[in-house]
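As the structure lists them, so they are numbered: ligands from 1, and atoms in each ligand from 1.
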Amino acid sequence: MPEQSASKLVQAQFDEFPYPNVPIEQTVTDTFALFANSYTTACYVRERKVVKPEGKVMLNAGCGSGWETLVLATANPGASFVGVDISPKSLEMARQRFEFHQIADVRFEVADITDLRAVGEQFDFIACNDVLYLLEDPVAGLKGMRQVLKPEGIIRTNVHSLYQRQFIFNMQDAMELLGVMDEPAAKAVPILRELMDALHEGSFVKSHWKGDAIKTTNGILANFLLRSDKGFTVPQVFEMLRQAGLEFISMVNWQQWKLERVLTKPVPYTLRHLKKLSQEELLHFIELIFPNLTRLIDFWCGHPRPSPAPPFTPEEWREGSVQAHPLLLRLNARVAFENAIRDNGPVNINGWPGSEGNIVIDPFSVRWLIDIFGEEPVPVQALAAKALDLMDWTPEEAFNQVVANLKFLEERLVVLLHSPLR
Ligand SMILES: C[S@@+](CC[C@H](N)C(=O)[O-])C[C@H]1O[C@@H](n2cnc3c(N)ncnc32)[C@H](O)[C@@H]1O
């Protein structure tokens, strides 16, 4: 199929059903989406520096109905936004959404992400969710974004996982054989439903025909009848990045890609050999042994850098200041700390996107850690002094205990460290 008609088909699909079909008036509460689209998160992961979004210029490439742009605007107060898409009908909905929420610093334009020069700006942050796998040439999409990315800029983007989504690709190919993929939605959706309902329970495809969401018209169109959908492996993603002149920074859901999460016991032979693998090979190993890990290979990337940010030194911990991740301030996490102090209990942080599991902060640590929820970062030394007042410790013991706790939380981005030395 020539490039032109493939993207016309995609446009037609999204003109008919702008995606996602989230009501205009809905506000954003999805913690993972806010975390993943936060410029502060992305910069911290790459640089171990705390950078505020105020005054930054952000692009939502393939913004659809503007829901993702609203996530971006909610996650990054004080920034300005441009949303582009090839579907004019989707952009109409996006404009209505922003009018409703009275967010002024935004504009929406029809543009193809493979050539964004006409947008006429360079961006600090580009969010491009659920778009690249629809392109005939995803490398062209990455190159298009790279063209308008500032030298220090960061892109958050993703592609479908080939392994996780195999059942959907099978069904799309089967529908292609029947000619259903070229039919209008009103005809194609009932045909797909009828076939799925008739399938033998033992079929691989049928075993995934579960839950209400995937059986709705929108669920079917976004999956089994999604035109031009493609799946990728980790080596393919790394190769596309190389071809586009971009550097992989990290998986957005990096905690899910940790070996500790996919293996439940020590496996000495395997671990010895895994140590010799590159980052790309290790991620590939994980997707091979845990193919159902995640629907998306979801990552941050940017212009190549000479070297990655080094880990914080002991001196940086001694001289640094800490603050809670801005999303925790927004979620009013301080109230949970106040309640825990009142009840002399712990704080449970559940479902935090930076953590592989729930985090429990003991009743004693809650009392000194509450200071991280202020407007300004607090010196680590000040937290250690407060801990010293609460316990019968030497100053050195208090400092070491506080830093050990902070390191655990910093690794999970609950706490961000400002180092005067970087
Ligand atoms: C699955 S939707 C995702 C929308 C939005 N990014 C989100 O996550 O909510 C894919 C969107 O990408 C748009 N799209 C597809 N190919 C494109 C291209 N080459 N340039 C710009 N937008 C494109 C479609 O029109 C559609 O609105």
Report summary line: The single option from Leu416, Val415, Leu417 that satisfies side-chain contact (heavy atoms from CB on, under 4.5 Å) with Leu409 is Val415
Query - Centroid separation Phe81 to Phe98 less than 6.0 Å - result: no
Requested in this report: Step through it carefully: locate the ring centre of His325, locate the ring centre of Phe35, and say whether they are under 6.0 Å apart.
Outcome: yes
Query - Closest non-hydrogen atom pair, Ile113 against Gly62 - result: CG2-N, 3.9 Å
Requested in this report: List, ordered by chain and residue number, the protein residues whose closest non-hydrogen atom lies under 4.0 Å from any atom of ligand 1.
Outcome: Val10, Phe14, Tyr19, Pro20, Gly62, Cys63, Gly64, Glu68, Asp85, Ile86, Ser87, Ala111, Asp112, Ile113, Asn129, Asp130, Val131, Leu134, Leu135
**Report entry** Any pair counted as salt bridge (Lys or Arg N to Asp or Glu O under 4.0 Å), so long as it reaches residues 251-269, sequence neighbours left out
**Finding:** Lys258-Glu356
Report task. May I ask you to check whether Phe238 and Phe248 place their ring centres under 6.0 Å from each other? Result -> yes
